[in-house]
Amino acid sequence: SIFTELKTLSINSTTKSTSTTKSTKEPKQKMGFWRTWAKIMFNPNEFFQQLPKEIKYKEPSFFAIKIQAILYGLFALGFLLMGSIFLTTLGLIAPMMSGFSIALFLLVLIILLPFALFFSWLMLFVSAGIYHLFVLMLGGKEGYEETFKAITYSGAPVLFAIIPYVGFISLFFIIYLEIIGIHHRQKLSIGKSVAVVLIPLVIVIILMAMIMAAFLFPLMMPLMMPNY
């Protein structure tokens, strides 16, 4: 009958609507660490644009800690490889001393690892806070956590820091990513985003130059004075 047909149509429409609402409410599948890293490196505009606002501090913090842990391990491996020649030479003279040095070095690294990761994690909040001061000065209103996400995820190229010359170039790429991240997450223009990133950097460079000059000037004074 007509009533039964209308009833089945209404049931079908309600089931469709509930299925669509369920599908829209389902969270997006989270990317793994390496997929996130590759997206930041090769498509930063899309990454920072599509980064959900629901993400606050947990995901970027774990991303940064993993980056630092990998970098710490790479540095440790590099030191072991560089020191292997010295330790091999030392082992020819005193084999027990060579093995003891390697064991002691590894033990110190393991003990220092959690402290190094914790300190680098705290410094992320400090650096993000400094950047956010300039974000507020230049009209950004998206909140501190958006600046934190932009600065934290921009540290992806740090993995190249261990490679000579490439590590120096990666610093410029980090600055580029920070500008892109601030631009998208704080809805600032590119010019203002450049100012947010570069002004603190210039201030730090000037302060370091002043500190170095304060230490070096007394040492250079005797050389500058004329000898009679």
Side-chain angles (χ1 to χ4, degrees), residues 23-72 116-162 166-208:
S23 62
T24 52
K25 286 181 180 179
E26 284 180 358
K28 291 184 179 179
Q29 189 177 5
K30 291 183 179 180
M31 293 190 297
F33 171 77
W34 289 112
R35 284 186 63 189
T36 303
W37 183 85
K39 193 74 176 288
I40 296 168
M41 294 295 294
F42 300 108
N43 200 350
N45 280 289
E46 185 178 331
F47 174 81
F48 284 113
Q49 227 169 359
Q50 297 178 356
L51 193 62
K53 287 185 75 71
E54 291 77 19
I55 291 177
K56 299 297 183 181
Y57 300 103
K58 181 182 175 182
E59 288 84 354
S61 292
F62 277 116
F63 179 82
I65 289 171
K66 289 175 183 177
I67 288 281
Q68 292 297 327
I70 294 170
L71 185 66
Y72 194 85
L117 294 179
F118 182 71
F119 179 75
S120 63
W121 178 67
L122 286 180
M123 289 306 297
L124 283 174
F125 287 91
V126 176
S127 59
I130 293 170
Y131 282 116
H132 194 65
L133 287 175
F134 291 93
V135 166
L136 294 175
M137 290 179 191
L138 294 171
K141 298 177 181 178
E142 293 299 318
Y144 169 79
E145 65 273 4
E146 296 300 322
T147 304
F148 180 80
K149 288 189 284 187
I151 299 305
T152 303
Y153 282 119
S154 296
V158 169
L159 289 182
F160 295 104
I162 196 170
V166 178
F168 179 73
I169 296 171
S170 69
L171 295 177
F172 293 96
F173 192 55
I174 290 172
I175 293 172
Y176 166 75
L177 291 177
E178 289 175 345
I179 293 169
I180 296 298
I182 294 293
H183 168 62
H184 287 297
R185 302 315 303 173
Q186 288 293 344
K187 306 295 187 294
L188 292 175
S189 65
I190 290 293
K192 288 183 177 180
S193 302
V194 170
V196 167
V197 174
L198 292 187
I199 290 174
L201 185 62
V202 171
I203 292 173
V204 169
I205 292 172
I206 293 172
L207 288 175
M208 288 178 65

Do you know the tightest heavy-atom contact between [X] and [Y]?
| X | Y | result |
| --- | --- | --- |
| I151 | E178 | CD1-CG, 4.0 Å |
| L159 | I70 | CD2-CG2, 3.6 Å |
| L117 | A69 | CD2-N, 3.6 Å |
| A195 | L138 | CB-CD1, 3.8 Å |

Are any side-chain N or O atoms of [X] and backbone N or O atoms of [Y], one a donor and one an acceptor, separated by less than 3.5 Å?
| X | Y | result |
| --- | --- | --- |
| S154 | L177 | yes |
| K149 | G181 | no |
| Q186 | G143 | yes |

Do [X] and [Y] come within less than 4.5 Å of each other through their side chains, counting heavy atoms only?
| X | Y | value |
| --- | --- | --- |
| F47 | H184 | no |
| V135 | Y144 | no |
| K141 | K187 | no |
| L201 | L198 | yes |
| Y72 | S120 | no |
| I55 | P60 | yes |

Original post:
Is the shortest distance from a Lys or Arg side-chain nitrogen in E146 or K53 to a carboxylate oxygen in the other one below 4.0 Å?
Top reply: yes
Original post:
How are the rings of F160 and W37 set to each other: parallel, tilted or perpendicular (split at 30° and 60°)?
Top reply: tilted
**OP:** For the pair W121 and F118, name the ring-plane relationship: parallel under 30°, tilted 30 to 60°, perpendicular over 60°.
**Re:** tilted
Subject >> Of F119, F148, Y131, the residue whose pairing with F125 passes ring pair (Phe, Tyr, Trp, His ring centres under 6.0 Å) >> reply: F148
Original post:
Between atom OG1 of T147 and atom CD1 of I130, what is the distance when rounded to the nearest 0.5 Å?
Top reply: 12.5 Å
**OP:** Apply the test side chain to side chain contact (heavy atoms under 4.5 Å, CB included) to residues F134 and V197: give CA-CA distance (whole Å), side-chain angles for both, the deciding distance (0.1 Å), then the verdict.
**Re:** CA-CA 8 Å; F134 291 93; V197 174; over 6 Å; no
